[in-house]
Amino acid sequence: MPQTGLMMNRPLLISGILEHAAAQFGEQEIVSRETHGPLHRTTYAQAAQRARQLANALAQLGLKAGSAVGSIAWNNHRHLEAYYAVSGSGMVMHTCNPRLHPQQLIYVINHAEDEVVLFDATFAPLIKGIAAHCPQVRAWVCLADAANTPAIEGVSSVLNYEDLIHGHSAHFDWPDLDETSGAALCYTSGTTGNPKGVLYSHRAIVMNATTACLPDVLALSTQETVLPVVPMFHINAWCIPYAALLSGTKLVFPGPKLDGPSLYELMESEQVTISAGVPTIWMGLIQHVEQNNLRFATMKRTAVGGSAMPMALVAKFMDTYGVEVRHGWGMTETTAVATMSNLSRTDRQKPAAEQHAIVAKQGKTVSGIEIKVVDENGQTLPRDGSSQGELMVRGQWIVERYYKSDTSALVNGWFPTGDIATIDTQGTMQIRDRTKDVIKTGGEWISSIDLENAAIAHPAVAMAAVIGIKHPKWDERPLLFIVRKPGQSLEKADILEFLATKVAKWWVPDDVVFLESLPVGGTGKVQKNELRKTYGGVFS
Ligand code: AMP
């Protein structure tokens with residue numbers, strides 16, 4: 001019989017991170033782009049005080065442990081304060097994706113039973129459209145002062161954040177919660193059916209945030225300045241708002257300004273060393289930097305995920321700009337990052353192209369996470385780098401069941417991700433496709449991700465997407481969408497010829513559609529469903 005360890009059993013709580021940050025790194029800075037434009041500066045100590053004031057204000061509004069507070073907001077300092085005030089007092093911080101369809105937004109706010117919704121002024125028109133359909137919301141709180149809070153026609157219960165917290169005590173006794181209590185809620189941006197809620201526990205978030213600081217993950221520390229471009233409304237901004245405070249890292253929030261020039265300016269003016277975002281954001285940034293012949297003065301490392309990072313972009317960051325790329329994989333159901341690519345000491349001796357290829361994979365699991373790939377019968381496939389099947393994941397911050405569901409989401413204790421992947425002998429995982437995006441042709445599979453990566457390597461291509469189109473003979477065939485870089489005159493024959501040198505002949509798409517832009521969703525992923533709706537016919 002194993003003995004019980006004789007250590008204190010203190011719970012892992014989000015309030016613990018805040019109080020640690022305030023006590024140990026009180027002077028550390030938080031710089032935040034306000035929704036109305038200017039930069040705002042505060043410190044950890046001040047943010048902690050204001051979070052305690054907000055906790056008191058929410059209690060006075062009648063909210064209790066277990067109540068849900070929604071947010072429809074950018075990455076900014078008030079949103080950060082809310083992250084801590086809400087979860088710290090035992091309530092659930094429900095971050096809503098503002099780019100959900102309004103009907104879905106109404107659905108998630110009602111399903112979560114949000115009693116208060118915090119929003120940024122940008123989203124006032126959205127609130128106007130949905131407020132009447134969310135009867136249990138007793139206050140809509142604009143994350144601004146009175147001067148920057150718009151009146152919303154037909155919505156009487158609009159408050160402003162500064163007046164709400166004003167006059168409240170900066171002391172709050174954070175409850176000693178069970179670490180498995182729900183702390184934050186995020187709904188999947190499902191393309192079919194209603195979104196499903198993932199209720200993260202304090203334990204899951206604190207553990208993930210702790211591993212996020214490790215040197216081979218994000219490597220946060222008091223020496224660094226981190227700019228999370230990944231939205232706080234989706235998967236907890238990869239837990240950076242927690243990891244930064246846990247490690248004492250200076251935080252820089254971009255607010256609503258996510259375009260290349262604004263991000264570049266912020267990176268330079270605040271001497272950002274680490275950033276995190278989806279590939280589409282980095283494409284915008286690199287285009288700006290290239291066009292204006294700029295360099296990064298302080299940026300050392302960028303973490304990227306959410307969709308596959310094209311190898312051409314990895315090469316540009318690493319070789320042209322000397323910025324290391326860390327490519328991670330995760331999903332709403334995994335709290336934040338579950339795997340991360342990294343170059344070992346020996347990898348760093350390899351030729352540049354080999355290094356790019358390693359980074360373009362989704363990498364190794366971070367401690368606390370296990371993965372495997374299985375075939376259609378659930379049999380585990382070998383870790384040989386070529387056997388591909390559905391990726392299964394389990395670990396300390398992986399969903400067990402969706403919010404308010406009576407049934408487990410697991411298959412034999414593992415969460416089926418819907419991603420198709422390979423794992424090699426070293427444990428490095430590579431996402432080959434989503435099960436629903438993979439193109440089945442003549443009994444074989446074409447990876448849409450691989451084709452997109454090949455296309456984007458063409459110097460005239462700004463963005464690329466591939467979908468499968470029904471085909472009478474082959475079942476499905478690939479259709480390629482291209483957005484040209486400004487001023488480029490690439491034609492169909494040029495790109496198909498280029499691809500023929502990069503991929504197997506039977507992978508070369510049957511047709512190419514040139515578009516001005518691709519439909520991109522709220523989490524920065526190309527919405528292939530939209531492309532399917534418009535272009536998904538039958539090849540003859
Ligand atoms: P979401 O839950 O909306 O964040 O979407 C999660 C999905 O995004 C995953 O299941 C993958 O299909 C995709 N994804 C996330 N990170 C990556 C990555 N680094 N490479 C390829 N696909 C990714």
Side-chain angles (χ1 to χ4, degrees), residues 95-100 104 108 184-193 195-198 200 208 217-218 230-239 276-282 302-311 313-314 325-342 357-366 369 371 373 388-393 397-399 402-403 409 414-423 428-438 447-453 456 464-466 520-529:
T95 53
C96 302
N97 185 337
R99 296 196 186 105
L100 282 181
Q104 289 194 323
V108 298
L185 179 62
C186 180
Y187 283 76
T188 57
S189 18
T191 41
T192 48
K196 290 181 278 193
V198 179
Y200 310 106
N208 179 282
V217 187
L218 295 178
V230 285
M232 289 173 74
F233 60 70
H234 187 60
I235 346 181
N236 316 303
W238 301 351
C239 283
V278 294
T280 40
I281 289 284
W282 296 148
T302 179
V304 60
S307 51
M309 177 73 163
M311 199 150 17
L313 201 52
V314 173
V325 177
R326 300 264 170 102
H327 185 193
W329 169 87
M331 55 198 309
T332 310
E333 290 86 343
T334 69
T335 307
V337 172
T339 72
M340 182 69 85
S341 72
N342 205 342
I358 294 168
V359 174
K361 294 181 181 169
Q362 284 73 9
K364 294 167 180 287
T365 53
V366 292
I369 297 295
I371 53 171
V373 286
Q388 60 181 41
E390 183 167 11
L391 179 67
M392 311 289 281
V393 61
W397 53 83
I398 307 299
V399 73
Y402 291 103
Y403 191 42
W414 293 76
F415 178 74
T417 64
D419 284 332
I420 298 186
T422 54
I423 305 176
T428 302
M429 187 270 285
Q430 181 173 17
I431 298 280
R432 307 306 306 268
D433 227 324
R434 289 290 294 164
T435 39
K436 59 182 178 10
D437 292 340
V438 73
S447 157
S448 63
I449 294 183
D450 286 0
L451 261 184
E452 288 156 7
N453 273 344
I456 211 134
V466 175
V520 174
T523 56
K525 296 181 217 289
V526 172
Q527 292 175 310
K528 293 194 182 178
N529 256 25

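Read the numbers this way: they start at 1 and go in the same order the structure lists the ligands and their atoms. Counting begins at 1 with the first residue of the sequence. Just so it is clear, the model here is predicted, and its values are computed rather than measured.
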Tell me which part of Ile235 gets within contact of ligand 1: side chain, backbone, both or neither, using heavy atoms under 4.0 Å. side chain

Any heavy-atom pair between the side chains of Leu391 and Ile420 that's under 4.5 Å? no

In terms of its nearest heavy atom to atom 6 (C) of ligand 1, the top option of Glu333, Met331, Met309 is Met331

Side chain, backbone, both or neither: the part of Ala308 lying under 4.0 Å from ligand 1 by heavy atom: both

Min side-chain heavy-atom separation Tyr200-Asn208 under 4.5 Å: no

Can you tell me the protein heavy atom closest to atom 2 (O) of ligand 1 and the distance? Thr332 OG1, 2.6 Å

Atom 8 (O) of ligand 1: the protein heavy-atom neighbour that sits closest, reported with distance to 0.1 Å: Lys525 NZ, 3.0 Å

Does any N/O atom on Thr417 come nearer than 3.5 Å to any N/O atom on ligand 1? no

Salt bridge (Lys or Arg N to Asp or Glu O under 4.0 Å) partners for Arg432, two or more places apart: Asp450

Counting from 1, what ligand 1 atoms have a heavy atom of Arg434 closer than 4.0 Å? 9 (C), 10 (O), 12 (O)

Atom 20 (N) of ligand 1: nearest protein contact (heavy atom, Å): Gln362 NE2, 2.8 Å

Residue pair Thr422 / Val373, side-chain heavy-atom distance below 4.5 Å: no

Residue His327 vicinity, atoms of ligand 1 by number, heavy atom under 4.0 Å: 18 (C), 19 (N), 20 (N)

State whether the side chain of Asn342 and the backbone N or O of Arg326 hold a donor-acceptor pair below 3.5 Å, judged by distance alone. no

Look at atom 16 (N) of ligand 1 and find which of Gly306, Ala360, Gly363, Ala338 reaches it with the closest heavy atom. Gly306

Main-chain N/O of Ile398 paired with Thr334 side-chain donor or acceptor, under 3.5 Å: no

Polar atom proximity, Gly328 to ligand 1 (N or O, under 3.5 Å): yes

Checking side-chain contact (heavy atoms from CB on, under 4.5 Å) between Lys196 and each of Val399, Thr332, Thr188, which is the one that passes? Thr188

Identify, for atom 4 (O) of ligand 1, the protein heavy atom at the shortest distance, and state residue, atom and that distance. His234 NE2, 2.9 Å

Those residues at least two apart in sequence (or on a different chain) that pass salt bridge (Lys or Arg N to Asp or Glu O under 4.0 Å) with Lys528 are Glu452

Is there a donor-acceptor contact under 3.5 Å from the side chain of Ser341 to the main chain of Gln362? no

for atom 9 (C) of ligand 1, nearest protein heavy atom and its distance come out as Asp419 OD2, 3.2 Å

